[in-house]
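Okay, structure first, notes after.
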There are 2 protein chains.
Amino acid sequence: MVAAAAGVSASTVSRVYSHPHLLRADTVERVRKVADDLGYVPHFTARALITGRLSTIGVVVPDIANPFFPPVIRAVQARAGEVGVGTLLGDTDEDPVKEESVLLALQQRTDGVVLVSSRMPEPRIQKMAAGHPLVLVNRDVEGVDRVLIETTLGMRQAVEHLARLGHRRIAYLGGPESSWSNGERAAAVSDCAGRLGIEVISLGPHRPEHEEGRRAAAAVLTAGVTGVLAFDDVLAQGLLAGLVEAGARVPADVSLVGCDDILAVRTVPPLSTVHGPSMEAGRLAVELLLAKIEGQATDPQAVRVPAPFLDRATTGPAPG
Amino acid sequence: MVAAAAGVSASTVSRVYSHPHLLRADTVERVRKVADDLGYVPHFTARALITGRLSTIGVVVPDIANPFFPPVIRAVQARAGEVGVGTLLGDTDEDPVKEESVLLALQQRTDGVVLVSSRMPEPRIQKMAAGHPLVLVNRDVEGVDRVLIETTLGMRQAVEHLARLGHRRIAYLGGPESSWSNGERAAAVSDCAGRLGIEVISLGPHRPEHEEGRRAAAAVLTAGVTGVLAFDDVLAQGLLAGLVEAGARVPADVSLVGCDDILAVRTVPPLSTVHGPSMEAGRLAVELLLAKIEGQATDPQAVRVPAPFLDRATTGPAPG
DNA sequence: TTGTAGGCGTTATCAA
DNA sequence: TTGATAACGCCTACAA
């Protein structure tokens, strides 16, 4: 044991690692040296047992493979890492039932969790939030801390942009029904178009996957619209491929807008989209969560970050 | 306390959750019911302290946002979850120094870690493996358990395919220098081309990012090659975009092969590539790791999984 | 089949 | 500034 080798008590060794300022500098140094020589590091679990702090948070997402999530996971992990907090990962496979069990499992081994794009019904979320610190991202539940990327802003701007370009009949290519973001975006498109006297066809729902978007090309073409707003970039990219295959030109024949800006300029032509600060959202969520864990009990709040429209190359004047 | 409420001792409650078969069935049932009513769940940390098992593993990758990694992370997390093991995530930002500190931090809070595409020098890896169960993915270090995706197989097949199509001068668009996979792939291309009497131009190194690939188009065109094998799909997709921008047709003017098959058919035209079972690799790594944690001390082994060439639409006859 | 006692490695409290 | 002691909540002998 280190204490014996350094000729001090166990409490002193403990203090070297938790409150070194309470000790004489030379004592700290001496114990540190002995400990290093012996390869000693404080036992993580024993410390957690007595302090009641795991120094670990969870982050759960519907699907790690969906390119929207890795940047927010990365931001969460980076911010948590800065303060010595580990990040446990949960993937729910887009399944609300699995989501609940994943959440339950994580609650036991974390001090709190960041729940991104939850697919669970609202009452369940409230229940989970009651027992354990919880911060939502992209899900708006009263009484629960949350960070919301306001893509409705960008969606409205996109509709206005299409209106200026002369489009009179457009489509919204819907995402998952249980997605809060999808509801927000659909409503924004519908409201804004209504005010501008533009007709909106609603397509979907669709899982946010490339193939789904590709297959939706037929429905888009038969709907006779000149512009499409997709739930996200993945669907938009798929639709783009499907459209090109079907012989339609983008944006000459149909204009296309994605959402989330996860493809950057990887598309040909570069995709017009709505850009949300997803990494900042992840960071903010951790901030809220850490404050909550520290017991700084403020009223649950909604932090909103704006996501503006980004015009690249898939929108153009309405044909004809 | 549950024990009191159920009229049994604490050890009996403990046994209900760890060795229920040692108890009478009705005792188990009765205690369980009381526990559930009280919302009791065994304290994770206290259990970990005495058993010495965290029931948590780590998975560390160079960059979560690189689309190659999410599927393997997902597979790791899924397999671990099946046996009640949590997954801590580490992102090293492609930095060997950060990688080491991340690894050190994870060792304290996990029973073992899966290290994917390590960028650390070999001796460091061996040292880390000595102190704590470690399984490598896509890094071949003697004396350390590892799962290797054999893209060399597919790379050779790709070169042979190009040879059959009449290509006599090709390029290899290199990835990160510290990447084992990059070394393997470069060597495979060079060897195979040498045997077939094909000339190989070596380009790079490049970070595996879209923009890098795009910018490499100029070098590819001035090199006067008719075929390119890229380190990975990300670089290949970028190069494809750059080539198209520069007015070159793929595959009419230049044939293109990616690696890893992370883009599936999301590219126009669909990218010919080398398909490796990355999810299976993740699963296998967990299998090895769990066995090691259980103390089933076998000799460190290398598990190799083959990655064959997948011909899609970006390869064609050499021009002229 | 169940209970009793001891201890896992740390930190908080109190005393010196 | 440092040490002694008692927990933290559980699991594992050993005893009954």
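Per chain, numbering begins at 1; letters A, B, ... match sequence-line order.
Using a 4.0 Å heavy-atom cutoff across all strands shown, B:Val8 reaches sugar-phosphate atoms only and no base atom. Looking at heavy-atom distances under 4.0 Å, B:Thr27 makes contact with sugar-phosphate atoms alone, never a base.
What separates CD of A:Gln108 from C1' of D:dC10 is a distance of 14 Å, to the nearest Å. The CZ-C1' distance, from B:Arg30 to C:dT1, rounds to 12 Å in whole Å. Across the protein-nucleic acid pair, A:Tyr17 atom OH and C:dG9 atom C1' stand 14 Å apart, rounded to whole Å. Spacing between atom CG of A:Leu23 and atom C1' of C:dT11 amounts to 14 Å, rounded to whole angstrom units. If you take CZ of B:Arg109 and C1' of C:dT10, they are 16 Å apart, rounded to a whole angstrom. A straight line from CG of A:Asp26 to C1' of D:dT2 spans 12 Å, rounded to a whole angstrom. Atom CD in B:Glu29 sits roughly 18 Å away from atom C1' in C:dT2 (whole-Å rounding).
No salt bridge links A:Glu29 with A:Lys33; every basic N to acidic carboxylate O contact stays at or beyond 4.0 Å. For A:Arg30 and A:Asp26, the salt-bridge test fails: no basic side-chain N is under 4.0 Å from an acidic carboxylate O.
Legend: residues meeting side chain to side chain contact (heavy atoms under 4.5 Å, CB included) with B:Arg119, ordered by chain and number and at least two apart, are B:Pro62, B:Glu94, B:Pro96, B:Glu99, B:Ser117, B:Pro176, B:Ser178, B:Ser179. Residues satisfying the side chain to side chain donor-acceptor pair (under 3.5 Å) criterion with B:Ser181, sequence neighbours excluded, are absent altogether.
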Under 3.5 Å, which N/O atoms of the protein pair with N/O atoms of nucleotides 12-16 of chain D?
{"from": "D:dT12", "atom 1": "OP2", "to": "B:His19", "atom 2": "NE2", "distance (Å)": "3.1"}

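In this structure, A:Ala80 and A:Thr87 approach most closely via the heavy-atom pair CB-OG1, 3.8 Å.
Nearest-nucleotide assignment on DNA chain D puts the 5′-proximal partner with A:Thr12, out of B:Phe44 and A:Thr12. Closest-nucleotide positions on DNA chain C for B:Leu22 and A:Ala46 were compared, and the one nearer the 5' end corresponds to B:Leu22. Both B:His21 and B:Leu49 lie near DNA chain C, and the one whose nearest nucleotide falls closer to the 5' end is B:His21.
The closest donor-acceptor contact from the side chain of A:Asp91 to the backbone of A:Asp93 lies under 3.5 Å.
An OP1 or OP2 oxygen of D:dC11 is reached within less than 4.0 angstrom by a side-chain nitrogen or oxygen of B:Arg47.
The one candidate from A:Val234, A:Asp232, A:Ile149 that meets the side-chain contact (heavy atoms from CB on, under 4.5 Å) condition with A:Phe68 is A:Ile149.
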